[in-house]
Amino acid sequence: MDLEKAYQELGVTSREDLIFKLKELIIRACEIQDVRPEDVPTDVPFIGGPGPLKLDSLDAMEIAMELRYTFGVELKNASTAAQAMQSFDTLADFVIEAPKVKK
């Protein structure tokens, strides 16, 4: 896979830029107050994890809708969502590798 092309299609410049945008997306979609993207650890689960987000399954649905709208990727079922949302690293991998759908 050509990562530079994938980043360009996603509107980001690097993996770090994508992860930062994913953090922004989640904070915005889940209406989280008083948390900045740079305060969120990259390598911990953000659904039910120890980080500052404290998200649940309803938040996961909001995130899935935002991912489709923003990046054109679809979490087709709970199993795919659970695997992709283990951490920001796994979510970034999913967004890069998933087939794109119409936004």
Side-chain angles (χ1 to χ4, degrees):
M1 167 177 270
D2 182 359
L3 283 178
E4 293 302 318
K5 183 179 178 187
Y7 293 147
Q8 184 178 15
E9 289 174 358
L10 294 168
V12 298
T13 58
S14 65
R15 181 179 181 77
E16 293 76 24
D17 186 30
L18 173 59
I19 289 173
F20 189 84
K21 287 185 188 276
L22 288 169
K23 290 178 182 183
E24 288 179 321
L25 176 147
I26 289 169
I27 289 169
R28 183 181 66 250
C30 299
E31 299 177 357
I32 300 168
Q33 303 296 315
D34 302 322
V35 175
R36 300 174 307 165
E38 52 272 10
D39 297 333
V40 178
T42 299
D43 58 349
V44 298
F46 50 89
I47 305 281
L53 298 179
K54 309 291 186 228
L55 303 178
D56 59 25
S57 58
L58 292 176
D59 293 314
M61 291 174 53
E62 291 290 331
I63 294 165
M65 290 188 303
E66 257 329 285
L67 287 172
R68 182 180 176 126
Y69 176 76
T70 304
F71 295 112
V73 295
E74 187 172 51
L75 294 161
K76 293 185 185 272
N77 56 50
S79 175
T80 302
Q83 190 173 12
M85 293 188 190
Q86 291 179 25
S87 70
F88 282 98
D89 285 323
T90 58
L91 187 58
D93 289 341
F94 174 80
V95 170
I96 291 167
E97 296 168 7
K100 305 308 179 258
V101 296
K102 291 184 179 179
K103 295 182 186 181

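Throughout, residue positions are numbered sequentially from 1 according to the sequence presented.
- Side-chain polar atoms of Ser14 and Asp17 form no donor-acceptor pair below 3.5 angstrom.
- The CG atom of Asp56 sits 8.5 Å away from atom SG of Cys30, with the distance rounded to the nearest 0.5 Å.
- Enclosure of atom CG in Asn77 by more than 12 non-hydrogen atoms of other residues, nucleotides or ligands within 6.0 angstrom is indicated.
- Side-chain atoms of Ile32 and Asp59, non-hydrogen and from C-beta on, never get closer than 4.5 Å to each other.
- Partners of Ser57 under the side chain to side chain donor-acceptor pair (under 3.5 Å) rule, at least two apart in sequence or in another chain, do not exist in this structure.
- Looking at Leu25 and Glu62, their side chains never come closer than 4.5 Å, going by heavy atoms from C-beta outward.
- Under the 4.5 Å side-chain contact rule for hydrophobic residues, Leu3 and Val73 share a cluster.
- Side-chain contact between Leu53 and Ile47: absent, with no pair of heavy atoms (C-beta onward) separated by less than 4.5 Å.
- Cluster annotation: Ile96 and Ile26 are assigned to the same hydrophobic cluster (Ile/Leu/Val/Met/Phe/Trp/Tyr, side-chain heavy-atom contacts under 4.5 Å, transitive).
- Nearest approach of Ala29 to Glu66, heavy atoms of both residues: CB-CG, 3.4 Å.
- Atom-to-atom distance recorded for Phe88:CZ and Ile19:CD1 is 8.5 Å, nearest 0.5 angstrom.
- Distance OG1/Thr70 to CD1/Ile63: 11.5 Å, rounded to 0.5 Å.
- Here the side chains of Phe71 and Glu9 are not in contact, with every heavy-atom distance at 4.5 Å or above.
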Test Leu10 against Lys100 for side chain to side chain contact (heavy atoms under 4.5 Å, CB included), laying out the working first.
CA-CA 10 Å; Leu10 294 168; Lys100 305 308 179 258; 3.7 Å; yes

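- Counting only heavy atoms from C-beta outward, the side chains of Leu75 and Phe94 approach each other to under 4.5 Å.
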Using distance only, find each side-chain donor-acceptor pair of residues 35-46 under 3.5 Å and give its atom names and separation, not counting sequence neighbours.
residue	atom	partner	partner atom	Å
Arg36	NE	Asp39	OD2	3.1
Arg36	NH2	Asp39	OD1	3.0
Thr42	OG1	Lys23	NZ	3.0

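- Within 6.0 Å of atom CD in Gln8, 12 or fewer heavy atoms from other residues, nucleotides or ligands are found, so the atom counts as exposed in its surroundings.
- Sorted by first then second residue, the salt bridge (Lys or Arg N to Asp or Glu O under 4.0 Å) pairs that include residues 78-87, not counting sequence neighbours, number zero.
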